[in-house]
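Throughout, residue positions are numbered sequentially from 1 according to the sequence presented. Note that these values count all heavy atoms, side chains included, but never hydrogens, waters or copies made by symmetry.
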Amino acid sequence: MSCAFSAFSARHSCPFAFIRGSSPLPRLPIKKLNRKSTVCANLSFMPNQPAFQQKKDPSATFVDRLVRILLIACGVVVAGGLIWQAVLLLRANAPTPTASQVAAPITDDSIDDPIAAAVRALDALATIEQNEPHKTTPLLAPPPPQLSRQEAKKSAENVRRVAADAKDELKDLGLAETEDAGLVARDWLTAETAFSIGSWEAAESSYYQIINRIRQLREIVRISRELDASESAVAAALAAEHKLLKQFGGDHLKEVVTLAKRARSLVESDPILSAKLYQEALTKLPVAIGEARQAERREKITALIELAEHAANRGDWVAAGTASLAILKVEPQNRAAADLRRRAIRGIDELVIRYVVRLHDPTDESGRKADARQIRRGVRDADPLCLLTAALYGPTDHTLGVEPNSRESLRTSGWAGALRRAETKWPGAAFIVGRCHEEGFGVTRDLPAALKWYHLAASQNHIAAQNNLARLYHYGLDGVAQDDDKATHWYRKAAVNNSIPAQCALAGILLNSTNEATIAEAVSWYRKAAHAGSALAQCNLGLLLMTGRGVTRDEVAAATYFYQAATKGDALAQFNLGYLYMTGKGVNADDSEAVVWYRKAADQGFAAAQRNLGGMYSLGRGVKRDDKAALQWYTRAAMQGDAGAQCNLGWLYAKGVGTERDDTKAHLWLTRSAQQSNPEGLFLLGLLTFEGTGTPRDETTGRRLIKEAAALGFDQAHAWLNMDEMRQFTDVD
């Protein structure tokens with residue numbers, strides 16, 4: 001039965017494969033006042049009453065004063081407490097990085113590392129700034145000068161009547177003898193002068209100035225009647241932002257504090273002026289808070305850039321990219337962040353390039369896992385190239401931590417950004433986009449498009465792209481014309497760049513030559529890849545050493561290379577090593593050791609090893625004879641189309657060894673073996689046909705099949721034909 005040495009097979013590699021503007025300050029609810037008249041839709045005038053009400057009313061009872069104090073205190077506590085709690089919640093996740101945090105290493109999947117914490121702090125600050133725009137009460141303004149002269153005169157007359165009514169409010173407000181009244185009188189004189197000479201636009205503008213001034217004065221008088229609430233509003237706002245203002249407050253804050261102190265000192269002596277000062281303080285406080293937040297943001301950005309530079313210096317480009325992107329979201333013109341972002345994109349591109357190469361480098365498993373962990377963090381931080389890379393390689397590399405049901409969402413999230421980077425000619429992105437087109441992952445399978453992206457990456461010395469480009473030219477797949485010269489060119493470039501798969505593939509192409517120098521070059525590439533740890537190269541180099549092709553025959557060296565590849569799990573090397581132990585070539589003969597290596601290869605589904613293991617059981621070599629076990633192994637190999645196993649299985653059925661005799665099954669399996677021109681299968685099928693076993697007797701067909709076996713060098717066929725000729729001669733005599 002067949003236990004022949006495996007024929008040489010050149011296998012090739014698989015394809016790599018505040019900003020300005022805070023929120024309005026918290027104020028206690030103020031009692032709504034009735035209007036005296038409706039002279040303008042935009043104005044509400046105060047009722048006729050005293051200019052102001054003293055803070056302490058001598059006529060009020062003790063109970064009245066106590067109730068009033070309690071109500072104001074409750075309002076202040078509630079408003080201040082709510083605001084302070086909200087600020088604490090917003091700022092709780094925004095710690096400022098410390099020097100110790102800068103030096104701390106970043107863990108693989110931690111969301112609490114220094115850069116992540118700093119990014120969250122900056123994002124929280126940006127959220128506060130976006131949700132708290134600086135609001136100011138808009139003043140009335142005249143419409144743009146697009147009216148005719150007659151229309152402008154009519155408009156000025158209408159505003160003049162409103163301004164006159166507003167001017168009369170000074171007496172009702174108790175301000176007829178104040179400096180404010182003098183300012184209003186000045187503005188009125190200016191407006192009247194312009195009106196008298198027909199300068200309607202200038203007159204209207206001055207009238208609007210009077211209206212706005214009266215409106216502001218009315219608000220101040222209202223506030224003066226609620227001095228407790230006004231003072232509490234300032235105090236509550238200062239308390240709510242106490243930590244921020246204390247750490248980052250500037251000149252505007254000092255001005256606000258000065259105004260508040262002066263206003264407090266004038267509450268008894270001049271409530272109107274005190275109200276004005278409180279109003280000014282309330283107006284300027286948002287600016288002060290905004291200034292403080294700007295200082296806070298600058299500090300956070302400075303700390304974040306420092307952290308990002310540390311990350312970049314240790315090659316953590318995902319962290320550097322995340323930090324720089326967070327800065328650019330709030331400061332698009334930040335040059336340091338923009339420069340760091342460009343460097344990070346380049347670093348992430350190189351990370352993906354390195355990861356793909358290491359996928360096919362058996363000597364750098366730890367490096368591949370480290371790259372995969374950084375890519376996984378890139379997925380967490382939504383880097384598009386990391387997202388697409390994880391989606392593409394996640395099924396084969398569990399280090400990436402990609403769940404099967406998340407692949408499509410990762411691809412969808414990363415595709416547009418990765419494509420933009422590819423179009424910007426980043427080689428790593430171009431290669432990944434090319435792989436997607438080649439595999440039809442998320443796009444229609446398009447090998448010419450894949451070829452274009454591979455060319456772009458390969459021209460920038462991308463090793464995996466060079467390898468895949470060569471493979472497309474080598475096999476000429478679906479729209480890509482076969483071109484062995486281009487395939488050799490790109491395989492050689494990748495091989496020179498130490499691509500192990502390219503070295504093996506190039507050696508396989510070179511072995512097709514009959515030129516001895518070319519074959520010797522193939523051996524040198526296999527030897528280089530074998531010394532780098534490639535099981536494929538070690539096995540094929542062992543085959544060349546066994547046959548003496550392109551190198552001096554050396555069975556001992558062949559056994560060494562087979563062993564190196566076999567211990568890495570290469571099934572062909574395991575089979576060949578088992579054969580060497582069975583035959584004693586290059587090693588001491590040892591049937592037990594042969595069975596061990598045959599079984600390793602057979603368990604991987606290697607048909608020739610299954611057939612030879614069946615032979616060992618059938619003959620009882622290296623294992624106790626077991627015809628049923630032999631039948632099982634022959635059947636497994638025969639089902640895979642192994643002609644030798646089909647022949648042996650047919651023989652067992654014909655003789656009833658290890659099973660019931662079954663001439664029909666014997667004829668079936670021998671026919672399948674003969675159809676593959678297996679000499680022994682042809683001979684045995686010829687005998688059955690000649691004798692009519694399991695098939696109608698047909699001596700002519702039987703002889704023809706046996707002659708075909710003899711023509712293939714099967715000695716038993718020659719012997720049978722000689723005996724048949726003698727028998728025929730005897731029968732004639």
I need the minimum non-hydrogen distance between A637 and R611, along with the two atoms involved. CB-N, 3.8 Å
Would you check if there is a donor-acceptor pair between the side chains of Y563 and Q538 at a distance under 3.5 Å? no
Kindly compute the distance separating CG (D478) from CG (L447), expressed to the nearest 0.5 Å. 5.0 Å
Any side-chain heavy atom of W415 sitting closer than 4.5 Å to one from V433? yes
Are any of the side-chain nitrogens in R298 or E331 under 4.0 Å away from the carboxylate oxygens of its partner? no
Full working for side-chain hydrogen bond (donor to acceptor under 3.5 Å, both in side chains) between Y526 and N540: CA-CA 7 Å; Y526 272 138; N540 284 359; 3.1 Å; yes
Got a sec: does the CG of N405 have more than 12 other heavy atoms crowding it under 6.0 Å? yes
Under a 4.0 Å threshold between the charged nitrogen and the carboxylate oxygen, would E309 count as salt-bridged to R314? no
Please report whether the ring centroid of H462 lies less than 6.0 Å from that of W453. no
W317: ring-ring contact (aromatic ring centres under 6.0 Å, His included) partners, not counting sequence neighbours: none
We want to know whether N612 and Y598 form a side-chain donor-acceptor pair, criterion being a heavy-atom distance below 3.5 angstrom. yes
Within this structure, what is the CZ-CD1 distance for the pair R354 and I375, rounded to the nearest 0.5 Å? 8.5 Å
E555/R553 salt bridge by N-O under 4.0 Å criterion: yes
Taking NZ, NE, NH1 and NH2 as the nitrogens, is one of them in D371 or R358 under 4.0 Å from a carboxylate oxygen of the other? yes
Heavy-atom closest pair, residues I327 and A337: CG2-CB, 3.5 Å
Q466 vs N461, side-chain hydrogen bond (donor to acceptor under 3.5 Å, both in side chains): CA-CA, chis, key distance, verdict: CA-CA 7 Å; Q466 292 169 342; N461 217 32; 3.2 Å; yes
Might you work through the side-chain hydrogen bond (donor to acceptor under 3.5 Å, both in side chains) test for D590 and Y581, ending with a clear yes or no? CA-CA 5 Å; D590 188 334; Y581 276 111; over 6 Å; no
Nearest non-hydrogen partners of A537 and A529, listed with the distance: CB-CB, 3.5 Å
Least distance between heavy atoms, G428 atom then I353 atom: CA-CG1, 3.5 Å
Salt bridge between E516 and R549, side-chain N to carboxylate O under 4.0 Å? no
With rounding to the nearest 0.5 Å, note down the distance linking NZ in K493 to CG in L506. 13.0 Å
Nearest non-hydrogen partners of A308 and A320, listed with the distance: O-CB, 3.8 Å
What residues, two or more places apart in sequence or in another chain, satisfy salt bridge (Lys or Arg N to Asp or Glu O under 4.0 Å) together with R420? none
Flag the pair V352 / F431 as yes when at least one side-chain heavy-atom distance between them is below 4.5 Å, and no otherwise. no
For W597, does the six-membered ring have the charged nitrogen or CZ of K600 within the cation-pi criterion, i.e. under 6.0 angstrom from the centroid and within 45° of the normal? yes
Any salt bridge linking K369 with D397? Criterion: basic side-chain nitrogen under 4.0 Å from a carboxylate oxygen. no
State whether D383 and R421 are salt-bridged, where the test is any N-O pair (Lys NZ or Arg NE/NH1/NH2 against Asp/Glu carboxylate O) under 4.0 Å. yes
Return the minimal non-hydrogen interatomic distance between A465 and A457, and the atom names on each side. CB-CB, 3.6 Å
